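All chains are named by letter (A, B, ...) in the order of the sequence lines, taking the proteins before the strands, and each is independently numbered beginning at 1. Quick caveat, the model's predicted, so the values are computed rather than measured.
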Amino acid sequence: MSRFEPLPREFYQRSALQLARLCIGQLLVSELHGELLVSRIVEAEAYAGVRDSACHGFGGRRTARNESMFGPPGHAYVFLIYGLHFHLNLVAAKESDPSAVLLRAVEPIVGEAPMRARRRYPKDRRIVTNGPGKLCQAYGIDRSVDGIDLCHPPLYLAQGTRPRHIGRSPRIGIDYAGDWAQKPYRFFDASSSFVSSMR
DNA sequence: TGAATGATTTACT
DNA sequence: GTAAATCATTCAA
């Protein structure tokens with residue numbers, strides 16, 4: 001079944017900034033619900049540890065919610081936002097350093113039908129996975145995925161292909177973060193039509 | 001114990 | 001364009 005080889009733990013052992021950039025073009029593979037889902041990552045943001053005022057681990061504040069961020073790299077950090085939507089992060093760097101990469105948008109490659117079904121059949125296929133809450137709904141990812149190891153099935157990244165050009169911009173929806181809100185910590189595939197368009 | 005608040009999405013005017 | 005939905009978590013008292 002596994003036509004895809006999980007990327008090794010070493011892939012995640014770098015700064016969130018580097019990891020976010022390297023994630024663009026990689027594949028997100030899931031067998032969480034018995035069906036194979038594969039998508040190409042086209043948008044991601046870096047949350048860079050205790051000094052980053054937009055990061056949930058800011059100031060070393062360790063709580064039940066963000067515990068996974070402080071764990072070893074190569075694991076998932078999933079949280080609920082606005083009481084409605086889940087966000088999927090890849091834990092980066094090293095243990096006790098709360099750095100992570102938020103996956104914001106992907107392009108379905110395998111299993112688009114079940115993804116569309118979970119998203120209640122949107123008209124435009126881009127609406128299936130072009131936002132952080134949307135891709136989690138499409139994949140059926142919830143808080144039960146928080147903390148799982150991403151170096152083996154049922155959820156992992158696999159080698160993809162590098163996009164021709166990677167765009168950068170400030171992160172979305174963190175205006176409260178002062179100076180850190182200006183930093184270009186968002187990366188995306190400039191040629192993809194699945195990049196989120198909010199705000 | 002209680003009030004405020006989001007790393008958003010969707011529907012509606 | 002604006003606003004509602006909706007709740008775990010956080011912080012103040």
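- Counting to the nearest Å, the C1' atom of B:dA7 and the OH atom of A:Tyr77 are 9 Å from each other.
- Figure legend: cation-pi geometry between A:Arg65 and A:Phe79, with NZ or CZ positioned under 6.0 Å from the six-membered ring centre and within 45° of its axis.
- The side chain of A:Ile127 approaches B:dT10 more closely than any other nucleotide in the set C:dT9, B:dT8, B:dT10.
- Of the candidates C:dC11, B:dT8, C:dA8, C:dC11 carries the atom nearest the A:Arg61 side chain, counting heavy atoms from C-beta on.
- Annotation for A:Arg51: atom CZ does not count as buried by contact number, only 12 or fewer foreign heavy atoms lying within 6.0 Å.
- Here A:Arg118 pairs with A:Glu35 in a salt bridge; the nearest charged N to carboxylate O distance falls below 4.0 Å.
- No contact: A:Arg186 has no heavy atom under 4.0 Å from any strand.
- Using a 4.0 Å cut-off, some side-chain N or O of A:His56 falls inside it from OP1 or OP2 of B:dA7.
- Of the candidates B:dA7, C:dT10, B:dT10, the closest approach to any side-chain atom of A:Lys134 belongs to B:dT10.
- A:Phe86 places its CZ atom 13 Å from the C1' atom of C:dT9, with the value rounded to the nearest Å.
- Between A:Tyr176 atom OH and B:dT8 atom C1' the separation is 13 Å, expressed in whole Å.
- Geometrically, A:Arg40 does not engage A:Phe194 in a cation-pi contact, judged by NZ or CZ lying under 6.0 Å from the ring centre and within 45° of the ring axis.
- Atoms NE2 (A:His87) and P (C:dT9) sit 15 Å apart, rounded to a whole Å.
- Rounding to the nearest 0.5 Å gives a distance of 9.0 Å between CG of A:Leu19 and CD of A:Gln26.
- For the pair A:Leu36/A:Val29, a side-chain contact is recorded, criterion being any heavy-atom separation below 4.5 Å from C-beta on.
- Residue contacts shown for A:Arg119 are limited to sugar-phosphate atoms, with no base heavy atom under 4.0 Å away.
- Residue-level contact check: A:Leu84 touches the bases, meaning some heavy atom is under 4.0 Å from a base atom.
- Here the rule is side-chain hydrogen bond (donor to acceptor under 3.5 Å, both in side chains) with A:Gln137, and of A:His85, A:Arg120, A:Arg119 only A:Arg119 fits it.
- Toward the 5' end of DNA chain C, the nearer of the two residues A:Tyr82 and A:Arg65, judged by each one's closest nucleotide, is A:Tyr82.
- Summary of the strand contacts: A:His85 and A:Arg143 both lie near DNA chain C, and taking for each the nucleotide with the nearest heavy atom, the more 5' one is attributed to A:His85.
- To the nearest angstrom, P of C:dT6 lies 14 Å from CD of A:Gln137.
- Between the OG atom in A:Ser192 and the CD atom in A:Glu107 there is a gap of 3.5 Å [rounded to 0.5 Å].
- Protein atom CD of A:Glu67 is 11 Å distant from nucleotide atom P of C:dT10, rounded to whole Å.
- If you measure from atom CG of A:Asp146 to atom P of C:dA8, you get 15 Å, rounded to the nearest angstrom.
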A correct dot-bracket answer for DNA chain B, with pairs being Watson-Crick or G-U at under 3.5 Å, [ ] for crossing pairs and | for inter-strand pairs, is ||||||.|||||.
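- Look at CG on A:Asp142: it is 16 Å from C1' on C:dT6, rounded to the nearest Å.
- Taking side-chain N and O atoms only, A:Arg104 has a distance below 4.0 Å to OP1 or OP2 of B:dT8.
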